[in-house]
Number of protein chains: 2
Amino acid sequence: MDPAVHMTGALDPRGGWVAEECSISRALEVIGARSTLLILREAFYGTTRFADFASRAGLSEPVAAARLRELLSDGLLELQDYQDPGKRTRQDYRLTPKGAELFPVLAALMQWGDRWLAESDGPVELRHRGCEQHVAVQLRCAAGHEVDSGELDLASGASHQARSVPDAT
Amino acid sequence: MDPAVHMTGALDPRGGWVAEECSISRALEVIGARSTLLILREAFYGTTRFADFASRAGLSEPVAAARLRELLSDGLLELQDYQDPGKRTRQDYRLTPKGAELFPVLAALMQWGDRWLAESDGPVELRHRGCEQHVAVQLRCAAGHEVDSGELDLASGASHQARSVPDAT
DNA sequence: CGGCATCCTTAGGGATACTG
DNA sequence: CAGTATCCCTAAGGATGCCG
């Protein structure tokens, strides 16, 4: 509570984040639908086949098919040939690098849901292989400092005026 | 490409992530609508008043009103009294801690959009106040290691069986 | 098994006009 | 300025059935 807002400048509302130029807005055009993120969740959980996507994401086949098609054409998934020994060649859905780099979005959503919406700690945990420690999403600057929300400035790319992010922690 | 999938176990599809128990799914119930994230984006950019939310997020007033109402009742925003000198008391919308902690989700979306959908680097940049270095979203384990997607294991909370996250980098 | 076709319902969202 | 009321359109998504 008690939002400590430290203005360090003024970010012009027309300074480039509204509507189409905004990367958040653009990202939402691609993954804005709920079903899209559920499909991606399954892809990160290791699902590769059509029927599994539909049933595990809890979607009807037509919806799953539509989303998978979009994800292919947006380059987040790709079809890959595989062959079970003694069977004919088939195809399954694999994450591309573009799709795989969405993982922090899902991880951040999961972390927030675990914190604010789950009874316990949430049913799925992320761990660092080898070290086995819990993995969290965090903000860190290029100098290596962990940054909390009170220390963030927003800068518009053009003007490089800065404004702080409202802090409510 | 060349997804190096290292299975380290088997995550039972019924092991707790499907449908309602899943924190991602729950989070999407709250912030799944496109307009909700646009409203939150504006809140992080410093918007506090109704008309600004509507116009800056590019939403019609009825939609903005509906989303703001939901965000209030979900506890992501709260109304706060304020008073401009010589004017009567008014209220504006402020992020609660619950809402503020969604910032990594927006930051991750922005980062992905900057990387894969923007022409240049994207119109808005995050910087660490003081240090002025660029701020990025990353995954880090409790032991302090930066974790890339190839080193992630998923563990179901109940069984603690582990499975790797498919890596496409 | 991996879809597509069809039909239907609901939710998201815009436009316009109006009120406190 | 901060909304609400109404109306309408489109997109998201489920159910069922069919097809290669």
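Lettering of chains follows the sequences in order, A, B, ..., and the numbering in each one begins at 1.
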Quiz item: After noting the C-alpha distance and the side-chain angles of A:E78 and A:K98, does the key distance pass the salt bridge (charged side-chain N to carboxylate O under 4.0 Å, His left out) rule?
Solution: CA-CA 10 Å; A:E78 63 186 353; A:K98 183 176 178 182; over 6 Å; no
Self-check item: Residues which pass side-chain hydrogen bond (donor to acceptor under 3.5 Å, both in side chains) with B:Q133, listed by chain and number, not counting sequence neighbours
Solution: none
Quiz item: Tell me, do B:Y82 and B:T89 make a side-chain contact under 4.5 Å, heavy atoms counted?
Solution: no
Exercise. Looking only at non-hydrogen atoms, find the nearest pair between A:D92 and A:T48 and report the distance.
Key: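 Closest approach of A:D92 to A:T48, heavy atoms only: CB-O, 3.3 Å.
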Quiz item: How far apart are the closest heavy atoms of A:R140 and B:Q138, and which atoms are they?
Solution: CD-OE1, 3.2 Å
Exercise. Would you mind classifying the nucleic acid contact of B:L68 as base, sugar-phosphate or nothing, using non-hydrogen atoms under 4.0 angstrom?
Key: nothing
Quiz item: Heavy atoms under 4.0 Å, any strand shown: does B:F53 hit a base, just sugar-phosphate, or nothing?
Solution: nothing
Exercise. May I ask you to say whether B:R67 pairs ionically with B:E70, meaning some side-chain N is under 4.0 Å from a carboxylate O?
Key: yes
Given atom [atom1] of [X] and atom [atom2] of [N], what is their separation to the nearest angstrom?
X     : N      : atom1 : atom2 : result
B:I39 : D:dG3  : CD1   : P     : 11 Å
B:Q83 : D:dC1  : CD    : P     : 18 Å
A:L28 : D:dA11 : CG    : P     : 17 Å
B:L77 : D:dG3  : CG    : C1'   : 16 Å
A:I31 : D:dA12 : CD1   : C1'   : 16 Å
B:F50 : D:dC1  : CZ    : C1'   : 10 Å

Has the side chain of [X] got a donor or acceptor atom that lies under 3.5 Å from a matching backbone atom of [Y]?
X      : Y      : result
A:T96  : A:L76  : yes
A:E132 : A:G130 : yes
A:R26  : B:W116 : no

Quiz item: Just how large is the angle between the end axes of the helix from C:dC1-D:dG20 to C:dG20-D:dC1, five pairs per end, to 10 degrees?
Solution: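 The value is 50°.
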Exercise. Give a yes/no on whether any side-chain N or O of B:R69 is located under 4.0 angstrom from OP1 or OP2 of D:dT4.
Key: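 It does, given that an N or O in the side chain of B:R69 lies less than 4.0 Å from OP1 or OP2 of D:dT4.
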Quiz item: Under 4.0 Å: is that the gap between some side-chain N or O of B:R49 and OP1 or OP2 of D:dC1?
Solution: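 No.
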Quiz item: Hey, where on DNA chain C does chain A first and last touch, going 5' to 3'? Cut-off is any atom under 4.0 Å from a heavy atom.
Solution: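 Terminal contacting nucleotides, 5' to 3': C:dG2 to C:dA5.
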Quiz item: If each of A:R90 and A:P62 is mapped to the nucleotide of DNA chain C with the nearest heavy atom, which maps nearer the 5' terminus, i.e. the 5' end?
Solution: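 The 5'-side residue here is A:R90.
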Quiz item: Among D:dC1, D:dG13, D:dT4, which is the nearest nucleotide to the side chain of A:R67?
Solution: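 The closest nucleotide is D:dG13.
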